[in-house]
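The first residue of the sequence shown is numbered 1, and numbering continues consecutively from there.
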Amino acid sequence: MISASARPYIDASVPVLRAHGLAITTTFYRNMFVAHPELTNLFNMGNQASGVQQQSLAAAVFAYAANIGNTAALGPVIERIVQKHLSVGIRAEHYPIVGQYLIGAIQETLGDAATAPLLAAWVEAYDSLARLLINAEKKAYAQAGIMPGQLRNMRVTQRHNESTGIVSFVLEPMDGDAVPSFKPGQYISVAVDLGDGHRQLRQYSLSDAPGLDHLRISVKRELAQPEAPRGEVSNWIHDNIKEGSVLQVTHPFGEFTPDTESAEPIVLLSAGIGITPMIAVLNRIAIKQPSRPMIFSHAARDSDHLSHRRDLDAAQARMPNLQIITFLETTTAGSSGDQSIVGQARTGLMEIAQLPSWPRSETNVYLCGPIGFMKAQWQALVAAGVPLTHVHREVFGPEMLDTLI
């Protein structure tokens, strides 16, 4: 909580942050990295280059100002930020550095409009948020039994091409201890040394069920796009990691954890690489609740890009009430028409109207995939009568705050 004297200045900041948020966060990152280049190892520099990280922070600062004191609204977002911080090893001593350069960026960007009372109010607000995050992260590190930034060596025992551009890696611990427990939908960070002291961490969803003697991740080779650079880490992994290679990984984290233990109907909708956490959910349910009613629908560019067919086949054979529907954007030249399509095949983009019916008001629906896909499905689900409380998304970026701003 912040004081009554500071609150009016924070409230007055809302339109200012909406107008100048991106300029503030761009200035913040630039100044902080000049003074503390070692922190670039904790941040996704690909997202820095594309501007996604600056947009994410701008959205977060604005949402915090607009909803300060609204615990119900901010709580889920805070938890998502905590989980991401855990996955990259954020420590308590990082917060004063961030606070110094964030307040400095507000002052530099706003100039004379950044009055002493306004800056003092933001120092108070930031300190309040920092304490909340530090305490939550300290508790979570202790519960996981790890130190911030702790990595574990795991050997790659299998490499499997799942589809065009997606490869799965099976990881087994090298220390002889059991694999860490996790919930389907969670992810691990993989640390990669890229030379010249340049280290990067990337998060990859676990793509197999928990309780096994291994972990599995599925990595998409991120090619250069007009709006984003080539994926530095994903391409390095594809080009360098083979069976027998060693990867350094973190403990699993993440708050996107679909219910896999009940017998209630469930709907999983994914597109592209968003299939990976859904496969972990599917594989767990196939083990624990094979009779559970499930709709599993996935959208891919074409059959060459339809991944995890082995998992889908195995689940289909085990689960009598599983309905698999695949949407292929195109089946023209370039697709491998001789490959079997698991479940029912549709042509075009995913449409809720083309899915089997389910109890709209009672069933939880989970989404994972590109932002445009999730927005479209979210809107279609709500229009079809699915309550907002029953729609869940795996997303981290500016869009995770769109319910707040």
Residue pair Val156 / Leu171, side-chain heavy-atom distance below 4.5 Å = yes
What is the ring orientation for His238 with Phe169, classed by angle as parallel under 30°, tilted 30 to 60°, or perpendicular over 60°?
-> perpendicular
Taking all non-hydrogen atoms of both residues, which atom of Gly254 and which atom of Gln83 are closest, and how far apart?
-> N-OE1, 2.8 Å
For the pair Thr27 (side chain) and Ala105 (backbone), establish whether a donor and an acceptor sit closer than 3.5 Å, ignoring hydrogens and angles.
-> no
From the list Arg310, Gln158, Glu162, side-chain hydrogen bond (donor to acceptor under 3.5 Å, both in side chains) partner of Ser168 resolves to Glu162
Check step by step if side-chain contact (heavy atoms from CB on, under 4.5 Å) holds for Trp378 and Leu388.
-> CA-CA 9 Å; Trp378 177 285; Leu388 282 174; 3.3 Å; yes
Thr26 side chain to Ala23 main-chain N or O, any donor-acceptor pair under 3.5 Å?
-> no
Any side-chain heavy atom of Ile279 sitting closer than 4.5 Å to one from Ser205?
-> no
Test log, rule side-chain contact (heavy atoms from CB on, under 4.5 Å), inputs Phe327 and Leu349 = CA-CA 6 Å; Phe327 288 82; Leu349 302 178; over 6 Å; no
Does the side chain of Leu132 come within less than 4.5 Å of Ile78's, by heavy atoms?
-> yes
Begin from the C-alpha positions of Trp358 and Gln323 and carry the test side-chain contact (heavy atoms from CB on, under 4.5 Å) through to its verdict.
-> CA-CA 11 Å; Trp358 73 85; Gln323 299 182 78; over 6 Å; no
For the residue pair Cys368 and Met374, what are the closest heavy atoms and their distance?
-> CA-SD, 3.8 Å
Side chains of His298 and Ser270: do they bring a donor and an acceptor to under 3.5 Å?
-> yes
Asp302 (side chain) donor-acceptor with His305 (main chain) under 3.5 angstrom = yes
Are a donor atom and an acceptor atom from the side chains of Glu222 and Ser234 found within less than 3.5 Å of each other?
-> no
Can you spot which of Val233, Leu151, Val249 makes a side chain to side chain contact (heavy atoms under 4.5 Å, CB included) with Val190?
-> Val249
Kindly give the heavy-atom pair with the smallest separation between Val281 and Pro258, and that separation in Å.
-> CG2-CG, 3.7 Å
Return yes if some donor-acceptor pair links the side-chain N/O of Ser207 with the main-chain N/O of Thr276 below 3.5 Å, else return no.
-> no
Output yes when a side-chain donor or acceptor of Asp304 lies under 3.5 Å from a complementary backbone atom of Thr164, and no otherwise.
-> no
Distance col, row His85:NE2 vs Ile134:CD1, nearest 0.5 angstrom, shows 10.5 Å
Residue pair Glu137 / Tyr95, side-chain donor-acceptor N/O under 3.5 Å | yes
Under 6.0 Å from the CE atom of Met147, do we count more than 12 heavy atoms belonging to anything else shown?
-> no
Any donor-acceptor N or O pair under 3.5 Å, side chains Arg346, Gln344 | yes
Specify the closest pair of heavy atoms between Gln186 and Phe253, including all atoms of both residues, with the distance to one decimal.
-> CB-O, 3.1 Å
Does the Ser189 side chain pair with the main chain of Ser87, one donor and one acceptor, at a distance under 3.5 Å?
-> yes
Between Leu322 and Ile285, is any pair of side-chain heavy atoms under 4.5 Å apart?
-> no
Reported CG-to-CG distance for the pair Asn283 and Leu206, which is rounded to 0.5 angstrom = 12.0 Å
Qualifying residue for side-chain hydrogen bond (donor to acceptor under 3.5 Å, both in side chains) with Glu261, from Arg284, Gln289, Arg292 = Arg284
So, the side chain of Gln200 versus the backbone of Phe43: is there a donor-acceptor pair under 3.5 Å, distance only?
-> yes
Side chains of Thr157 and His214: do they bring a donor and an acceptor to under 3.5 Å?
-> no
Between the CD1 atom in Ile68 and the CG atom in Leu74, the distance rounded to the nearest 0.5 Å is 8.0 Å
Salt bridge Glu243-Arg159, side-chain N to carboxylate O under 4.0 Å = no
Test side-chain contact (heavy atoms from CB on, under 4.5 Å) applied to Phe256 and Tyr187, step by step | CA-CA 9 Å; Phe256 179 75; Tyr187 51 79; over 6 Å; no
Indicate yes or no for a side-chain donor-acceptor contact from Glu329 to the backbone of Arg301 under 3.5 Å, with no hydrogens or angles considered.
-> no
Salt bridge or not for Arg7 and Asp11, using N-O below 4.0 Å?
-> yes
Is Glu124 close to Tyr9 at the side-chain level, that is, under 4.5 Å between some pair of heavy atoms?
-> no
Student check: side-chain heavy atoms of Arg360 and Ile352 closer than 4.5 Å = yes
Of all the heavy-atom pairs spanning Glu394 and Gly185, show the shortest one and how long it is.
-> OE2-O, 3.9 Å
Within a strict 4.5 Å, meaning less than it, do heavy atoms of the Val61 and Trp122 side chains meet?
-> yes
Check for a donor-acceptor pair, side chain of Thr109 on one end and backbone N or O of Ile106 on the other, with a separation under 3.5 Å.
-> no
Side chains of Leu381 and Leu269: closer than 4.5 Å at any heavy-atom pair?
-> yes
